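First the structure, in the form of structure tokens, and then the observations on it.
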Amino acid sequence: MKKNQSYFAPQIKYGMISLIVGIGIYTLLTNLYLYINVKSIFLLSIFRPQYLPSPQIIWHKMVDLCVGRVIWQNIFISVVRVLLGYICGVTIGISLGLLMGWYKKVDLYIDPLIQILRPIPPLAFVTLFTLWFGIGEISKILIIMQTAAVVTLIPAYQGVKSVASIYIDAARCLGANDKLIFRKIVLPSAMPYIIAGLRIALGLCWAVIVAAEYIASTRGLGFQIIWYQRLMSIDGVIVGIVWLGIIVYVFDTLFRHCIFNPILKWME
Amino acid sequence: MNLKPKIIVRNLFMSFKQEKEIKVLENINFEISLNEFVSIIGPSGCGKTTLLRIIAGFLKPTKGEVICDGTTVKGPSPSRVVVFQKDAVFPWMSVRQNVEFGLLAKGVSQEERTRISNYFIELVGLKGFEDNLPKTLSGGMRKRVDLARAYAAGPEILLMDEPFGSLDAQTKSKMQEELLKIWEREKRTILFITHDISEALYLSDRVIVLTSRPGKTKKIIKVSLPRPRKNELKFTPEFAELEREVWDLIQEKI
Ligand SMILES: Nc1ncnc2c1ncn2[C@@H]1O[C@H](COP(=O)(O)OP(=O)(O)O)[C@@H](O)[C@H]1O
Ligand SMILES: [Mg+2]
């Protein structure tokens, strides 16, 4: 841990510098437009508040929205959709992947279905699910479930397939039966793969829910962003995007520190 | 000893079928008595690992049989535990969980598991490291975990496949001495595979010398050096003479 810190320290330092400089220049340019009459300079005209609002305007909008209830409701709805769909989806995906990796028969039966389903982008199903289940929660949760399941299945399968045979041999000659070998050897050994899948799935589920809410929804953070777009409210759209960034970041960090890292603490 | 032998390897042949048939073992015959320490030595690739895997029950021989305690070996069993050449300590388990694994498989109660694992962890000199993960241990310490784990499963026979092959010279001779000390306290029938002549002679009651592939039993050498043996034994003239003898045997026909 300590070693990592000193290793990343310069990266953080340079990152902060470029971040501050970037925001500084952006603030300068957007304010130049506001306070000085430079409309004649063509290049500066893109820093009009209608296109690129200044940080103060975005901050104002952010505070404005935080006071109200709507943004919180929409965030809550999106979070619930992702969490429910993700939990159900990864449970299905990982279980199937593990079963397929462990039982040859299951693999033979299910693999063709997976191969058909896999190349289809999950978002392609939004329209179908909306027609079947309406615009409400079921179709959203299903689309997230499907995304999470497809993305986690293959790593789980590969995780089982890549268990070093020496561990299985060792366990077997120590007297372990198949059930114990699966629980104590195969599962932990496949964990790095499973968790890589879980992380990718989490990011992808957020991407998919926002797109799904853009396409067919009356609630959720994605819907709120598209709503501001319809109102031509650029600051609203940006605030929505900022919120998304914050939420996905928080999710990823929480999952990593509270679930993924503790499980993988045995790794080098 | 006029007891019935613990392990009998009888008329054993083994070949692998790839594009061509590779003969690996040819007519291997030997017997090992109860609590005897026997080494198998032979050039790399002569089929030592294959022979061990057959005795362990992981492989079926093409011809012949292995008999342990009067019954033919049909598959792996916790009465014949293998210590592998490669590091086989489960990296996701603590030292204690590793050592208790064989007991867990047997369905031994938690209390009893703790008692037995404590004993063997102390025996291999890892007291105080019970909760360590393998990644925090050195190569030599991991081998100790492997040994303790093998012992704790309660086998009558230990099959060791070049267990110290990957260790540096110093750790290796330390581990050899330790292994003998452990074996003096907890006698088991040990079949030890190595390509290191001095290691084989230092540890064993008898050394089985195999020819290069296909492996045949070339000679079985009795090592009557007194026990308990200390590392200094390796520097005595008697030891050097034995070493010379085995060396010549292996050189004879390549
Ligand atoms: N599963 C296998 N399939 C084909 N050939 C094998 C297999 N296992 C071992 N061999 C061959 O058998 C020979 C003996 O291997 P091994 O028993 O590992 O030798 P050693 O342990 O003495 O170095 C080698 O030439 C190896 O290529
Ligand atoms: Mg070998």
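Chain identifiers are assigned alphabetically (A, B, ...) following the order of the sequence lines, protein sequences preceding nucleic acid strands; residue numbering begins at 1 within each chain. Since the model is a prediction, treat every value here as computed from it, not as a measurement.
- Sparse packing is recorded around NZ of Lys63(B), with 12 or fewer heavy atoms of other residues, nucleotides or ligands lying under 6.0 Å away.
- In this structure, chain A has heavy atoms under 4.5 Å from both the backbone and the side chain of Ala88(B).
- Heavy atoms closer than 4.5 Å to chain B are found nowhere in Asn177(A), neither backbone nor side chain.
- Contacts between Ile185(A) and chain B at a heavy-atom distance below 4.5 Å involve backbone atoms as well as side-chain atoms.
- Here Asp169(A) contributes atom CG and Arg53(B) contributes atom CZ; the two are 4.5 Å apart, rounded to the nearest 0.5 Å.
- Both the backbone and the side chain of Ala171(A) come within contact range of chain B, with heavy atoms under 4.5 Å apart.
- More than 12 non-hydrogen atoms from other residues, nucleotides or ligands lie less than 6.0 angstrom from CD of Glu112(B).
- The shortest side-chain heavy-atom distance between Leu174(A) and Pro78(B) does not fall under the 4.5 Å cut-off.
- Only the backbone of Met267(A) comes within contact range of chain B, with at least one heavy atom under 4.5 Å from a heavy atom of that chain.
- The parts of Lys184(A) that come within reach of chain B are both its backbone and its side chain, each placing non-hydrogen atoms under 4.5 angstrom from that chain.
- Lys135(B) NZ: more than 12 foreign heavy atoms inside a 6.0 Å radius.
- Annotation: side chain of Phe90(B) is not in contact with side chain of Ser189(A) (no heavy-atom distance under 4.5 Å).
- Side-chain contact between Leu104(B) and Leu180(A): present, with at least one pair of heavy atoms (C-beta onward) separated by less than 4.5 Å.
- Annotation: maximal heavy-atom pairing with chain A below 4.5 Å, among Val83(B), Leu133(B), Asp87(B), occurs at Leu133(B).
- Around atom OH of Tyr103(A), no more than 12 heavy atoms belonging to other residues, nucleotides or ligands sit under 6.0 Å away.
- Under a cut-off of 6.0 angstrom, the local environment of CD1 in Ile246(A) is crowded, with over 12 non-hydrogen atoms contributed by other residues, nucleotides or ligands.
- Using a 4.5 Å cut-off between heavy atoms, Arg149(B) touches chain A through backbone and side chain atoms alike.
- The contact between Lys86(B) and chain A is made by backbone and side chain atoms together, counting heavy-atom distances below 4.5 Å.
- At least one side-chain heavy atom of Cys173(A) sits under 4.5 Å from a side-chain heavy atom of Phe58(B).
- More than 12 heavy-atom neighbours from other residues, nucleotides or ligands sit within 6.0 angstrom of CD on Gln115(A).
- Counting heavy atoms from C-beta on, the side chains of Trp92(B) and Tyr167(A) come closer than 4.5 Å.
- The number of heavy atoms from other shown groups lying within 6.0 Å of NZ (Lys181(B)) does not exceed 12.
- Contacts between Asp146(B) and chain A at a heavy-atom distance below 4.5 Å are absent for every atom of the residue.
- More than 12 heavy-atom neighbours from other residues, nucleotides or ligands sit within 6.0 angstrom of NZ on Lys161(A).
- If you measure heavy-atom distances from Val89(B) to chain A, the contacts under 4.5 Å come from the backbone alone.
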